[in-house]
Undergrad: 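I'd like to ask some things about the structure below.
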2 protein chains.
Amino acid sequence: MNIISTKNNEDKINTITEMCKLFKVSARTLRFYEAKELLFPIRKGQHRLFTKSDRGRMKLIMQGKRFGFSLEEIRQLLNLYNFGDHRTRQIKQTYQLGLKRLSSMEQQKKELGLAIKDLKTQLQLCKDLLLKRGADSRDL
Amino acid sequence: MNIISTKNNEDKINTITEMCKLFKVSARTLRFYEAKELLFPIRKGQHRLFTKSDRGRMKLIMQGKRFGFSLEEIRQLLNLYNFGDHRTRQIKQTYQLGLKRLSSMEQQKKELGLAIKDLKTQLQLCKDLLLKRGADSRDL
DNA sequence: AACTCTTTTGACGTTTACGTCAAGTATGAC
DNA sequence: GTCATACTTGACGTAAACGTCAAAAGAGTT
């Protein structure tokens with residue numbers, strides 16, 4: 001144990017190719033996100049270096065995309081996780097946005113539950129038909 | 001009560017503008033979906049008429065889009081709800097696709113639950129900070 | 001010094017999912 | 001008959017989210 005416990009994991013910085021592997025995206029994508037101000041890698045010379053903050057943001061970006069939010073919507077929310085260094089008024093706005101997004105996500109979860117139920121029913125009907133038509137139940 | 005109980009709701013056919021209002025989409029969108037073979041309105045002269053089947057399909061299309069599936073993915077699955085008139089082999093394929101989609105949706109629901117939890121935590125932190133900075137709790 | 005490897009910027013291409021005209025047809029109201 | 005209205009096809013445009021390719025620059029290797 002070192003006194004200056006630079007927890008290697010937290011402080012680690014990544015090159016662009018490391019980030020690509022970490023999040024399974026292309027370098028083009030990472031540069032694109034930087035251009036759109038979703039990421040802020042530091043520069044060493046003219047190379048990008050991605051910090052813990054960027055990793056955190058990328059996690060949220062991927063999550064947001066998965067749930068159907070646009071990059072612009074995601075960008076506005078990323079501040080929720082960096083609010084220390086902003087003016088109070090802006091934090092308030094981001095907070096409100098976060099509330100909206102929360103309710104939208106909860107709504108989506110509900111609908112997803114219903115859709116899953118429907119799909120299950122439909123799959124059962126389909127299965128029945130296939131069996132009646134003489135399909136081998138081991139195939140299904 | 002009529003003997004030939006044509007349950008008006010089920011058998012109703014809609015013009016394109018009625019469909020637009022029903023699903024809050026543009027006529028262009030409906031024609032586009034037809035071109036992509038997601039809808040199959042019947043033709044009277046050169047006008048389109050949408051039946052119960054099309055309404056059912058539209059419901060599923062909107063649902064699919066909401067959960068981030070592409071139109072092409074949706075198209076392949078729509079057969080699940082029309083399987084009566086297909087060959088057994090194709091039904092099997094659609095069935096398999098349905099199973100995959102089901103698991104993908106269940107996975108998404110799980111992740112959504114986690115993301116919601118995260119977001120709640122983050123919102124709480126944000127709220128705390130705002131209160132500490134002297135915000136009026138009635139604003140939040 | 002020459003070479004390789006990584007990364008950079010910049011420009012242009014691509015796909016998806018529509019929007020936006022333009023021009024034509026058909027139907028019912030007046 | 002003609003006027004408005006609803007609908008059609010077809011062509012072109014657009015925004016988002018990247019992919020692809022070319023040219024150059026820097027750091028390390030032999």
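Any value given below was found using the heavy atoms of this structure, including those in side chains, with hydrogens, waters and symmetry copies removed. We name chains A, B, ... by the order of the sequence lines, and we start the count at 1 in each one. Quick caveat, the model's predicted, so the values are computed rather than measured.
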Undergrad: Considering just the side-chain nitrogens and oxygens of Ser70(A), establish if one lies under 4.0 Å of OP1 or OP2 belonging to dA16(D).
TA: no
Undergrad: Looking at Tyr33(B), I'd like to know whether one of its side-chain N or O atoms comes within less than 4.0 Å of OP1 or OP2 on dA17(C).
TA: no
Undergrad: To the nearest Å, how far apart are Leu49(B) CG and dA6(D) C1'?
TA: 12 Å
Undergrad: A quick test of your reading: do over 12 heavy atoms of other residues, nucleotides or ligands sit less than 6.0 Å from CZ of Arg43(A)?
TA: yes
Undergrad: Lys36(A) NZ to dA17(D) C1': how many Å, rounded?
TA: 9 Å
Undergrad: With distance as the sole test, does Arg55(A) use its side chain to make a donor-acceptor pair with the main-chain N or O of Lys12(A) at under 3.5 Å?
TA: yes
Undergrad: Which comes earlier along DNA chain D counting from the 5' end, the contact point of Leu71(A) or that of Phe50(B), where each point is its nearest nucleotide?
TA: Phe50(B)
Undergrad: How close do Phe69(B) and Ile74(B) get, counting heavy atoms only, and between which atoms?
TA: O-CD1, 3.8 Å
Undergrad: Quick one: is dA6(D) close enough that its OP1 or OP2 comes under 4.0 Å of any side-chain N or O from Thr15(B)?
TA: no
Undergrad: Would you indicate which nucleotide in dT20(D), dT6(C), dG19(C) comes nearest to any side-chain atom of His47(A)?
TA: dT6(C)
Undergrad: Taking any heavy-atom pair under 4.0 Å as a contact, classify Lys65(B): base, sugar-phosphate, or nothing.
TA: sugar-phosphate
Undergrad: How many whole angstroms separate atom CZ of Arg75(B) from atom P of dT16(C)?
TA: 12 Å
Undergrad: Sub-3.5 Å donor-acceptor pair from the side chain of Asn79(B) to the main-chain atoms of Ile91(B), do we have one?
TA: no
Undergrad: Please determine which of Tyr33(B), Phe40(B), Tyr81(B) meets the side chain to side chain contact (heavy atoms under 4.5 Å, CB included) test together with Arg57(B).
TA: Phe40(B)
Undergrad: Consider the side chain of Arg48(A), meaning its heavy atoms from C-beta on, and name the nucleotide among dA17(D), dT9(C), dC18(C) that approaches it most closely.
TA: dT9(C)
Undergrad: Distance check: side-chain N/O of Arg43(A) vs OP1/OP2 of dT9(C), anything under 4.0 Å?
TA: yes
Undergrad: Side chain of Arg31(B), base of dT8(D): donor and acceptor closer than 3.5 Å?
TA: no
Undergrad: Think Thr29(B) has a side-chain N or O under 4.0 angstrom from the OP1 or OP2 of dG19(C)?
TA: yes
Undergrad: Which nucleotide in the set dA17(D), dT8(C), dA26(C) lies at the smallest distance from any side-chain heavy atom of Phe32(A)?
TA: dA17(D)
Undergrad: Verify the contact: side-chain N or O of Ser26(A) to OP1 or OP2 of dG19(D), cut-off strictly under 4.0 Å; return yes or no.
TA: yes
Undergrad: Provide, to the nearest angstrom, the distance between the CD1 atom belonging to Ile61(B) and the P atom belonging to dT16(C).
TA: 16 Å
Undergrad: Between atom CD1 in Ile74(A) and atom C1' in dC18(D), what is the gap in whole Å?
TA: 14 Å
Undergrad: How many Å lie between NZ on Lys44(A) and C1' on dG26(D), as a whole number?
TA: 11 Å
Undergrad: Between atom CE in Met19(A) and atom P in dT7(C), what is the gap in whole Å?
TA: 13 Å
Undergrad: In whole Å, I'd like the distance from the CD atom of Glu37(B) to the P atom of dT16(C).
TA: 15 Å
